[in-house]
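Residue numbers start from 1 in every chain, and the chains themselves are labelled A, B, ... in the order their sequence lines are given, proteins ahead of strands.
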2 protein chains.
Amino acid sequence: MARKTGSHSEITGPRIRAAAAQLFARHGYAAVSMRQIAAEVGVQAGALYLYTPDKQTLLFDLMRSHLEELLSAWAAEPVSADPVARLEEFCRFHIRFHLDRPDAVFIAYMELRNLEPENFAAIEALRKTYEDALETILKDGATRKQFTVPDTKLATMAVIAMLTGVNTWYREGGRLSRERIERIYWNMVRRSVGA
Amino acid sequence: MARKTGSHSEITGPRIRAAAAQLFARHGYAAVSMRQIAAEVGVQAGALYLYTPDKQTLLFDLMRSHLEELLSAWAAEPVSADPVARLEEFCRFHIRFHLDRPDAVFIAYMELRNLEPENFAAIEALRKTYEDALETILKDGATRKQFTVPDTKLATMAVIAMLTGVNTWYREGGRLSRERIERIYWNMVRRSVGA
DNA sequence: TCCTTATCTGAACGGGCGTTCATTTCAATC
DNA sequence: GATTGAAATGAACGCCCGTTCAGATAAGGA
């Protein structure tokens, strides 16, 4: 085979992850069999084990890479000094990023209970890092009297829940453009924190 | 057996539903077997079929009765004429009702994809009825210029997502009392709709 | 005491599960 | 053309699944 480094095909591996992501999102981790994933890729079930040690690791890798991508994408965003501008960036970034990856978002939120304890802890740590990014913005704004938030932890959870909720109803080609959705949600968030 | 009317035990039926609710919420519908539910109740798997025609109906009944209880509880709440007061009632009611039933809420949100199409449609109709109750409040308030909401449908989804999000982090005996949580969330919702 | 009837058991049914592995395939290299 | 080795097959492993049902159990009414 023509490869430069490492083992395993560099084509089949991603195809397995894509098929697994789609099926897990659609039917749930527990309801999807390795044979179904293999059929979607066009191989026999045994071939999957050339690319993943087991089904659990397949799920964990999907969730971890999703959250790592989320964190590095946020880290790559431009940074404003003003908390209000920073909060707007966060809101728009969050909606944009999540609408672009509905399957991965769905899995990362719904399949936590199917993770073995150590995998669960690793995913929760990544999620907490992201939540902390928002809480830092809210704390800064509260310190500078630009926001009115009696409890930054609560406000953090409330804002993230509100923004992530877009994924539950948004459909491609729907009534509202993404830009309009971003603007409306940003305005609701802005007012909810008293800015 | 000492019974007044109908068939089946009036004790075992509810016990099955309680066990199923707990296990479905903890591990997911697809990951829980009828044998596990039976073991929790203290009977053999076959006995379950005296109380439910199949596993799918067991899930559907849990979700339907949860949503019907939600709708009738909301209908039983006192009615204010003022949209702002009405919205406060909705927010506090929603948080209170959902925090009292974490398992049922979890199931109703996470197991939609495991419903057969006609069952899914029935559940979605009930959920829509509840969302319409909130949207009506927002429309009234917008008409009377008490709220500033550019799109009532979006605001409805945003508010419900924010409020339901409490269930993802709230733990009994935590840092904040329910009253304090209700007040903080109500304030965020109030400001988010410009009231 | 006998009969009825709701309740439950325990075994069985066909089938799918995650995972393993000896074997086959086949393109790239020598 | 022979050799290599990654890639994939396909059969098998033991196990659990949802569901059915003939038979056992036991309590109430006659």
Side-chain angles (χ1 to χ4, degrees), chain A residues 1-24 26-63 107 111 113-117 119, chain B residues 1-24 26-63 107 111 113-117 119:
Chain A
M1 299 298 295
R3 284 178 305 93
K4 278 169 292 182
T5 179
S7 57
H8 311 319
S9 160
E10 283 154 9
I11 295 169
T12 308
R15 290 225 300 144
I16 289 171
R17 290 162 49 92
Q22 183 183 119
L23 289 168
F24 288 168
R26 193 117 63 199
H27 308 291
Y29 171 77
V32 172
S33 71
M34 294 298 268
R35 284 170 179 82
Q36 283 175 268
I37 297 168
E40 188 76 14
V41 176
V43 297
Q44 295 297 315
L48 301 184
Y49 291 85
L50 292 166
Y51 303 92
T52 185
D54 50 39
K55 192 187 176 190
Q56 165 78 199
T57 305
L58 188 49
L59 172 64
F60 175 62
D61 285 345
L62 286 173
M63 297 175 77
I107 292 169
E111 304 296 356
R113 60 184 165 188
N114 288 305
L115 289 175
E116 287 157 11
N119 290 341
Chain B
M1 299 297 294
R3 283 180 304 94
K4 280 168 290 184
T5 178
S7 56
H8 310 319
S9 159
E10 283 154 8
I11 296 169
T12 309
R15 290 225 297 147
I16 290 171
R17 290 161 50 91
Q22 184 183 119
L23 288 168
F24 288 168
R26 193 117 61 199
H27 308 290
Y29 171 77
V32 172
S33 71
M34 294 299 268
R35 283 170 178 84
Q36 282 175 268
I37 297 168
E40 188 77 14
V41 175
V43 296
Q44 294 298 314
L48 300 183
Y49 291 86
L50 291 167
Y51 303 92
T52 185
D54 50 37
K55 191 187 177 190
Q56 164 79 195
T57 305
L58 188 51
L59 172 64
F60 175 62
D61 285 346
L62 287 174
M63 296 175 78
I107 292 168
E111 304 296 354
R113 60 184 165 186
N114 288 306
L115 290 175
E116 288 158 11
N119 291 340

(request) Pick base, sugar-phosphate or nothing for B:Val32, based on heavy-atom distances below 4.0 Å to the nucleic acid. (result) sugar-phosphate

(message) I'd like to know if the side chain of A:Tyr29 reaches the main chain of A:Gln56, judged simply by a donor and an acceptor atom lying under 3.5 Å from each other, with no hydrogens or angles considered.
(response) yes

(request) Mark yes or no for a side-chain to base donor-acceptor pair under 3.5 Å between A:Arg35 and C:dG16, with no hydrogen or angle criteria applied. (result) no

(request) Provide, to the nearest angstrom, the distance between the CD atom belonging to A:Gln36 and the P atom belonging to C:dG15. (result) 17 Å

(request) Return the value, rounded to whole Å, for the distance between atom CE of A:Met34 and atom P of D:dC15. (result) 20 Å

(request) Round to the nearest Å and state the distance from B:Asp54 atom CG to D:dC17 atom C1'. (result) 14 Å

(request) May I ask you to decide whether B:Glu111 forms a salt bridge with B:Lys55, counting only side-chain N to carboxylate O separations under 4.0 Å? (result) no

(message) If I take atom NZ in residue A:Lys55 and atom P in nucleotide C:dT19, what distance separates them, rounded to the nearest angstrom?
(response) 8 Å

(message) Expressed as a whole number of angstroms, how long is the span from A:Leu58:CG to C:dT19:C1'?
(response) 14 Å

(message) If I take atom CG in residue B:Leu48 and atom C1' in nucleotide D:dC21, what distance separates them, rounded to the nearest angstrom?
(response) 15 Å

(message) Output the rounded distance in Å from OH (B:Tyr51) to P (C:dA6).
(response) 12 Å

(message) Can you identify which nucleotide, out of C:dG18, C:dT7, D:dG10, has its nearest atom closest to the A:Tyr49 side chain?
(response) C:dG18

